[in-house]
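All figures in this text were calculated on a predicted structure; none of them were measured in a lab. Counting starts at 1 for both ligands and their atoms, in listed order.
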Amino acid sequence: MRRSGPTSGKTGGVITRPGPISGPDTMRQTVAQKLIAAHLVDGTMRVGTPITLKIDQTLTQDATGTLAMLTLEAIGLDRANTEVSVQYVDHNLLQIDNLNADDHLFLESACRRFGIWYSRPGNGISHVVHMQRFGKPGKSLLGSDSHTPAAGALGMLAIGAGGLDVALAMSGEPFPTTMPAIFGVRLVGELPGWVNAKDVILEMLRRHGVSGGVGRIIEYHGPGLRCLAAMDRHVIANMGAELGATTTVFPSDEETRRFLEAEGRAEDWHEIAADADCKYDREDEIDLSKLEPLIATPSSPGNIVKVRDVEGKEIYQAYIGSSANPGWRDFAIAAEIVRGKTIPSKVSFDINPTSRQLLEALIADGRLGILVSAGARIHQTGCNGCIGMGQAPAVGQNSLRTTPRNFPGRSGTEEDSVFLCSPETAAASALFGRITDPRSLGMPYPRLAHPDSTVVSTALLAPPPSLDEARSVELIKGPNIRSLPNFDPLPDTLAVPILLKMGDDVSTDEILPAGAKVLPYRSNIQKIDDFSFERIDPTYLERARAVRGTTGHAVVAGRNYGQGSSREHAAIAPRNLGLRIVLAKGFARIHRQNLINYGVLPLVFADLADYDRLDKDDILHARDLRRTLESAKDITLDCNGPISTRHDLTTKQIKVILAGGLINWRRAHEGAVTAPSVPQRSA
Ligand code: MIC
């Protein structure tokens with residue numbers, strides 16, 4: 001590793017520089033700045049200013065992909081205009097009726113029609129398969145999944161977004177965003193035995209909380225990188241989403257080369273290193289050798305304690321898998337821990353292989369057999385219980401998972417008790433039936449080197465057909481696949497009741513849940529409406545419907561509103577129920593953009609004290625809204641007195657909201673798009 005940045009001087013200390021420094025004229029650049037500079041279409045690289053980025057690759061998964069494909073149809077796209085676009089089917093895998101299977105067939109036909117790779121059900125989780133088969137250092141990737149930044153592990157600029165933004169990127173449009181600050185995290189030392197890359201990101205969450213990355217790219221550097229394999233870096237980059245970061249990047253170094261060589265893609269490697277004396281906007285340092293096993297307690301990835309602090313609590317489930325611990329070593333180490341032993345009968349030991357390649361590798365090296373003999377339940381390759389698609393725990397029982405999120409009810413069980421930890425902690429706890437620090441196992445730490453070559457499996461990965469063939473493909477639409485509703489423009493005067501007053505860090509899982517009951521309606525907005533805010537207030541739906549055709553409504557929230565998933569349904573469904581304004585102390589990036597894309601006005605309190613003055617069922621008045629939005633950043637609303645708010649919208653975002661959303665705006669300004677066809681590159 002060539003570069004190391006300025007140190008903070010003491011472990012855990014954070015240095016914040018006074019002013020923005022990221023600029024195109026900065027000669028000495030960080031990896032993130034180099035990646036942005038290489039993809040900058042419009043704007044200057046000054047922190048907080050609008051920029052647009054050229055997108056080389058896109059990733060969609062089935063739960064968000066159906067809407068993205070319907071958008072491609074609506075805008076009349078002929079063929080994906082990217083270097084590589086891949087549609088994965090990894091979320092909606094349970095087929096208890098026709099709904100999910102209908103979506104799979106629709107997506108398969110859309111891939112053939114629009115020139116997109118199709119990763120079939122059973123091939124694996126998008127982030128992992130993408131890294132294995134398509135990821136390339138130096139490329140940009142936009143994905144309709146908040147964990148897309150996982151590909152930053154390979155030195156990519158990988159960003160999560162709503163399906164509509166990803167569809168437009170597929171049509172060849174640059175992606176609009178805000179220039180993030182670069183948060184350099186210097187890693188020194190080496191991970192001790194029994195401490196996983198998961199503990200590194202849990203340590204970041206312990207230090208910085210679930211909004212510590214908002215408006216930032218987190219860039220890891222320093223000598224400690226040497227002990228992190230590419231899939232370990234994936235763990236850290238993946239869960240940068242839990243810090244609210246725009247993305248996470250790692251340099252492309254010798255380890256990246258080793259990974260790509262093992263995947264049979266040595267030619268895709270090139271080095272990307274930060275310049276020796278580059279500067280970060282903010283800095284932190286982690287001494288890996290001082291880390292110990294950590295765990296997120298229910299119900300936020302930000303509730304971090306030492307495993308030792310909760311040791312002894314009985315568990316019902318230990319679950320290994322998901323994009324937050326996807327690597328071969330994550331499963332192999334679990335196998336070594338349980339080798340020759342038996343999991344107690346009261347524990348459900350769930351193994352969710354993350355990709356077909358990984359499954360084949362675990363079969364080939366015998367470790368799947370070891371897990372099965374110990375009592376593991378082997379589930380199909382995919383996201384599964386991470387998104388509540390099966391494997392829900394019993395009520396009130398502790399479930400230990402290596403997954404990235406434990407937001408309330410996300411597991412599928414309303415009163416769940418989900419902890420997030422490393423595979424080492426999950427496997428050790430499975431053996432004892434109670435939360436166990438893996439260092440108390442009393443066995444030597446099995447140091448497992450990644451093999452030099454991996455099983456490469458492409459049996460379930462279909463390349464796009466030729467343009468001629470594609471043009472004759474009909475989209476296959478089952479009865480559950482419905483067009484997007486039409487939304488009206490923003491009125492000039494609003495008198496909207498506040499239907500909900502929420503606190504800080506409300507996740508999209510609470511706004512519009514996922515899970516096996518709801519996910520099948522991701523392609524049917526009219527139906528998915530029914531679940532809006534049901535976890536926060538089950539009376540919301542009825543109250544929203546009552547005023548939908550007349551006034552519409554508003555909701556009020558605290559900081560970091562809409563953290564978590566990229567699902568645009570969390571904006572569309574409440575919008576379809578009449579949501580006009582979200583007034584919050586602050587927003588998570590992707591959800592804010594999704595609100596804008598569907599014509600909902602996101603406003604922030606200019607004076608936080610006003611939050612306390614508002615109550616559920618108060619009426620919020622806005623007058624002369626259209627003109628004020630265009631002419632000023634400050635908007636004064638009225639609710640028993642003035643409420644000062646700000647919007648921070650770009651000129652285009654204002655126009656989009658005034659038009660009632662991005663689709664309306666495009667219809668009015670650009671008409672249908674027929675993108676030039678570009679031959680797809682093979683993986
Ligand atoms: C998640 O982890 O919440 C998901 C499921 O991957 C989501 C996508 C979705 O809701 O479909 C995400 O992270 O964007």
Side-chain angles (χ1 to χ4, degrees), residues 58-69 87-94 100 103 107 124-130 141-151 158-166 210 235 237-248 299-301 321-326 352 354 382-391 401-412 418 420 506-523 525 528 531-532 535 562-573 588-591 593-594:
T58 66
L59 163 168
T60 40
Q61 40 92 337
D62 49 328
T64 53
T66 45
L67 280 195
M69 297 302 154
Q87 168 66 53
Y88 295 90
V89 179
D90 52 4
H91 282 67
N92 294 350
L93 296 180
L94 295 182
N100 287 341
D103 278 0
L107 290 170
I125 300 176
S126 64
H127 313 297
V128 189
V129 178
H130 204 86
L141 167 70
L142 195 71
S144 61
D145 190 292
S146 64
H147 292 114
T148 303
I159 302 178
L164 182 45
D165 285 320
V166 179
V210 290
V235 173
N238 178 287
M239 280 187 67
E242 274 46 78
L243 291 158
T246 302
T247 189
T248 293
S299 296
S300 164
S322 94
S323 62
N325 270 113
N352 289 265
T354 44
C383 303
N384 304 329
C386 174
I387 184 68
M389 187 54 71
Q391 296 163 268
R401 298 178 169 213
T402 66
T403 58
R405 293 183 172 149
N406 58 348
F407 296 132
R410 180 177 159 103
S411 66
V418 176
L420 309 176
V506 169
S507 71
T508 45
D509 273 299
E510 289 149 285
I511 302 171
L512 201 275
K517 283 187 233 135
V518 187
L519 279 164
Y521 299 109
R522 286 286 182 94
S523 51
I525 294 300
I528 211 167
F531 305 95
S532 304
R535 289 218 174 100
Q563 69 161 331
S565 145
S566 67
R567 64 190 72 145
E568 57 200 336
H569 306 73
I572 312 173
R589 176 185 62 86
I590 307 179
H591 186 60
Q593 186 59 46
N594 285 338

Under the rule for side chain to side chain donor-acceptor pair (under 3.5 Å), what residues qualify as partners of Thr402, not counting sequence neighbours? none

If you round to the nearest 0.5 Å, how far is CD of Gln563 from OG of Ser300? 6.0 Å

My understanding is that only residues two or more places apart in sequence, or in another chain, count here; which of them pass side-chain contact (heavy atoms from CB on, under 4.5 Å) with Ile572? Leu67, Leu484, Phe487, Ile525, Glu568, Tyr598

If the condition is ring pair (Phe, Tyr, Trp, His ring centres under 6.0 Å), which residues does His591 pass it with, not counting sequence neighbours? Tyr561

Taking any residue with a non-hydrogen atom under 4.0 angstrom from an atom of ligand 1, which ones do you get? Gln61, Ala63, Thr64, His91, Asp145, Ser146, His147, Ile387, Arg405, Arg410, Arg522, Ser565, Ser566, Arg567

Atom CD1 in Ile528, atom OG in Ser523: separation rounded to 0.5 Å? 8.5 Å

Would you call Arg567 and Asp145 a salt bridge, taking side-chain N to carboxylate O under 4.0 Å as the test? no

